[in-house]
Amino acid sequence: MSRLKVILRGAQISEIGLSPDREYIGGRKESCDIRLQPEKGISREHFSLKFEEGKWKVQSLSRFGEIFSLGQRVENITLEHNQNFQIPPYEFNYIELTDEISSSRQLGAPEISENEKTVVGVVPQMPYIKMLSSQGEVREMLRLEFGEIWVAGRDSSCQIIIPDQRVSRRQFEIRKINGIYTIIDMDSVNGTFLNGSVVSSTDPHPLKSGDAITVLDNTMYFELHDPNFQYRIDRIEVPPFQIAPTSEEINFADIPIDDEAVQELPVQEEYVDENQLRITGGPFTGMPSPGTDSLADNKFYSFQPAHAEVKTSAFQKFKANKPALIGSVIFFLVGMYFLSEFLNAPVPEEVKVAQPKNNSSDPFSQLTTAQQQEVQELYASAQAATVQSRYDMAKDNLEKLHKILPGGYQDSKEKLESVILDEQTIIAQKAQEEAEKARLEADEKIRRIVSECEKLMTPTVTEDKMINCLTEASAINPEHPEILRLKGEVKKITDVRKTKEQEKDSYEVLVKELDKIYAAAESLRNLGYPYKAIKGYKLVIESTLPDPKKLKSKSKSKISFIEETIKKRTDENLKNAETFIKDGKLKFAIKALNEALIYDPDNRSLKERSDKYSNELRLQAMAIYQESIIDESFGYVDGNETRPGAKDKWKRIIEIDSDDGEYYRKAYVKLKKYGVY
């Protein structure tokens, strides 16, 4: 016998008995044998545990989840006694029990001490924060287990991290005060809401299990749970429920009879069934006889209410019907007469006793005349009942005969044994026929259920849905060939579907990779980097990734459009530059050339022309600036109508020089000095 202990953050939450005949699946999926909470890093089907070659082996089923043993990440483990392995935050402890310990666990009393009894109000409660995704699914179940203050926010130092840049670094605080949990907002930017109401930043508000906490569109629930609830449930051993047999299942022949007690009962006018008076101490009370050693000796009894209808045997009814009784006796005597005639045996006129009454050695002769007549009637009725195969009636008559004459009458002892044997044979045949009938009915019912469940055989069928449909049939015979066949077909369909889903997931991952490359190229184009955008689009075209969205074709169109736009704008800027040069407006010519370089940064001709005109413009501005400095030194700053002064020359520099030119800045400083700007 082997067991597996499941430990969560240091606390044992369950203990599972392992059966070598089956395989166990562990994960967060509802149908898993070892159900884990949806903690971070736990897959739907994370690992399998099965018995192979005399050992329990753990095998990883998750592509991304991890299993650790002795500090190392592993794919599979062969377990030894008292060995641990981890799936953070869970830890598993494997234990092999000896046969003595195993049997004592099975036969002993439930391992629950008085200290573990359920007491209202003292069940340990552990606070949890249940984080929901934007789709309303449980994203994380966070257990608040250390300390009495927990801060929530986007900062990594918070105990409750809310992964949203819009949330404050320290959003709200949960505090445990005298066993009561409270919440308070920490002067956050967007505020905290509790069940739709604003949480105060000065007065703590009490929390109760199930309260919803909302920050922007981030929703979480505060819940209180008993961390050892499942463990306590698993440790309770419920004794098997036994159903007492009905009155029809009781064999009253096995009940001991106290004849003296029966004789002492008061005589009643109404007929009372003898089987109800065969218990020592009076009528049947539903309790075992005082003379028995244990309840097991008396098997089961059914309580017969005092006012219940008295059950009358077939022979008693027969005796009560006088005309039928007389007719049967006459029929029997006539039959015996013809039989004796056929055998050429002399027939006496009346039935006579074989031994005279005064023969003390013959028990029959010691009976009264009424008793002798009753014995003969019982014997004759038993013979007639035997001929009609009414063995229960024959047995009843012979047993009554033996109560009057314990030594038997003629061959009544042998006849009783024969009747009992024939009765048992008939009962066995009926039981066999009923069993065969029940088997055929069960088989027909299973086939009918299987026929209904076959309607679920669609490409979307699941194993859980089919198991639910076959529940009633499996309860009758889980190994029925039709059930096994249908389950096998469903498994094939689900395996094929899972394979296709995995292929689809892999395909979608590759498609998303191409989407990212295309999106990067689009971003460069929108930011005004045409040549970088062209390189990005070329990466899309050269990629071997699947392209269901026709992104490669779009990239080619975008490249053609960008190249045409570059050429068009370059030509326009060159044309404008030539016009400005002819007009002597070097400043505007340089600006046009620089705009052309934005679309065609690798054009060396444009760069050289821009540098040439920039140098000429600089020399012109420098000559004017040197003249203005000379005028300023002689105090000729303002000038007049006939001769421009230093200010006029600085203004001229501002007009002709580029905004980022050296003498533009110097002229601006001079003009600002003299109060022009």
Side-chain angles (χ1 to χ4, degrees), residues 8-11 13 28 36-44 64-66 87-90 121-229 512 515-516 519-520 522-523 526-527:
L8 176 61
R9 297 184 176 94
I13 60 174
R28 57 184 173 87
L36 306 180
Q37 293 293 330
E39 300 275 356
K40 184 177 181 181
I42 302 295
S43 300
R44 290 174 60 81
F64 307 106
E66 299 177 339
I87 301 175
Y90 286 90
V122 296
V123 176
Q125 297 292 308
M126 181 65 68
Y128 287 80
I129 291 294
K130 181 165 67 176
M131 312 286 287
L132 302 185
S133 65
S134 58
Q135 289 78 26
E137 299 176 350
V138 177
R139 179 172 55 83
E140 183 178 4
M141 198 73 173
L142 182 62
R143 180 172 172 175
L144 310 179
E145 54 185 335
F146 298 111
E148 295 185 344
I149 300 175
W150 301 274
V151 178
R154 61 180 171 86
D155 193 272
S156 59
S157 63
C158 294
Q159 290 83 4
I160 306 170
I161 298 176
I162 305 175
D164 189 338
Q165 292 300 318
R166 301 172 297 168
V167 176
S168 299
R169 299 177 67 85
R170 295 168 68 84
Q171 179 74 27
F172 64 87
E173 176 185 277
I174 295 176
R175 184 186 294 263
K176 183 179 181 183
I177 304 173
N178 297 327
I180 299 175
Y181 294 91
T182 62
I183 183 172
I184 189 170
D185 185 75
M186 303 185 73
D187 294 324
S188 61
V189 176
N190 297 296
T192 305
F193 295 84
L194 180 66
N195 298 325
S197 301
V198 178
V199 177
S200 172
S201 60
T202 56
D203 299 325
H205 194 285
L207 278 173
K208 60 181 182 296
S209 183
D211 281 349
I213 304 172
T214 309
V215 180
L216 295 174
D217 55 357
N218 299 282
T219 303
M220 60 210 80
Y221 286 89
F222 175 80
E223 296 181 353
L224 295 173
H225 296 284
D226 178 6
N228 297 320
F229 175 76
K512 288 180 180 179
D515 289 344
K516 290 180 181 179
E522 285 281 276
S523 177
N526 293 331
L527 291 173

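Numbering of residues begins at 1 and proceeds along the displayed sequence.
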Rounded to the nearest 0.5 Å, the OG1 atom of Thr214 sits from the CG atom of Leu132 at a distance of 9.5 Å

Closest heavy-atom pair, Asp185 versus Asp187, reported as atoms and distance to 0.1 Å, is OD2-N, 3.1 Å

Taking every heavy atom of Asn195 against every heavy atom of Lys208, the minimum-distance pair comes out as ND2-NZ, 4.4 Å

- prompt: Under 4.5 Å between any side-chain heavy atoms of Arg139 and Pro163, yes or no?
  reply: yes

Closest non-hydrogen atoms of Ile42 and Arg28, given as atom of the first, atom of the second and distance, are O-NE, 2.8 Å

### Task
Evaluate the criterion side-chain contact (heavy atoms from CB on, under 4.5 Å) for residue pair Ile149 and Glu173; output intermediate values, then yes/no.
CA-CA 7 Å; Ile149 300 175; Glu173 176 185 277; 3.6 Å; yes

Rounded to the nearest 0.5 angstrom, the CD1-CD1 distance for Ile213 and Ile162 is 8.5 Å

Tightest non-hydrogen contact, residues Gln171 and Ser188, listed as NE2-OG, 2.8 Å

Check: Within a radius of less than 6.0 Å around CZ of Arg170, do more than 12 heavy atoms belonging to other residues, nucleotides or ligands occur?
Finding: no

Query - Atom CD1 of Ile177: over 12 foreign heavy atoms under 6.0 Å - result: yes

The reported gap from CD1 in Ile184 to CZ in Phe172 (rounded to nearest 0.5 angstrom) is 12.5 Å

Tightest non-hydrogen contact, residues Ile183 and Val199, listed as O-CG1, 3.9 Å

Practice prompt. Anything under 30° is parallel, anything over 60° is perpendicular, the rest tilted; go ahead and classify Phe222 against Tyr181.
Written response: tilted

### Query
Would Lys512 and Asp515 pass as an ion pair if we require N to O under 4.0 Å?
no

Separation between NE2 (His225) and CE (Met126), nearest 0.5 Å, reads 11.5 Å

Output for pair (Asp211 CG, Leu194 CG), nearest 0.5 Å, gives 5.0 Å

Verify the neighbour count for atom CZ of Phe193: are there more than 12 heavy atoms of other residues, nucleotides or ligands below 6.0 Å? yes

State whether the number of non-hydrogen atoms from other residues, nucleotides or ligands found under 6.0 Å of Arg154 atom CZ is greater than 12.
-> yes

Closest heavy-atom pair, Arg166 versus Asp217, reported as atoms and distance to 0.1 Å, is NH2-OD1, 2.7 Å

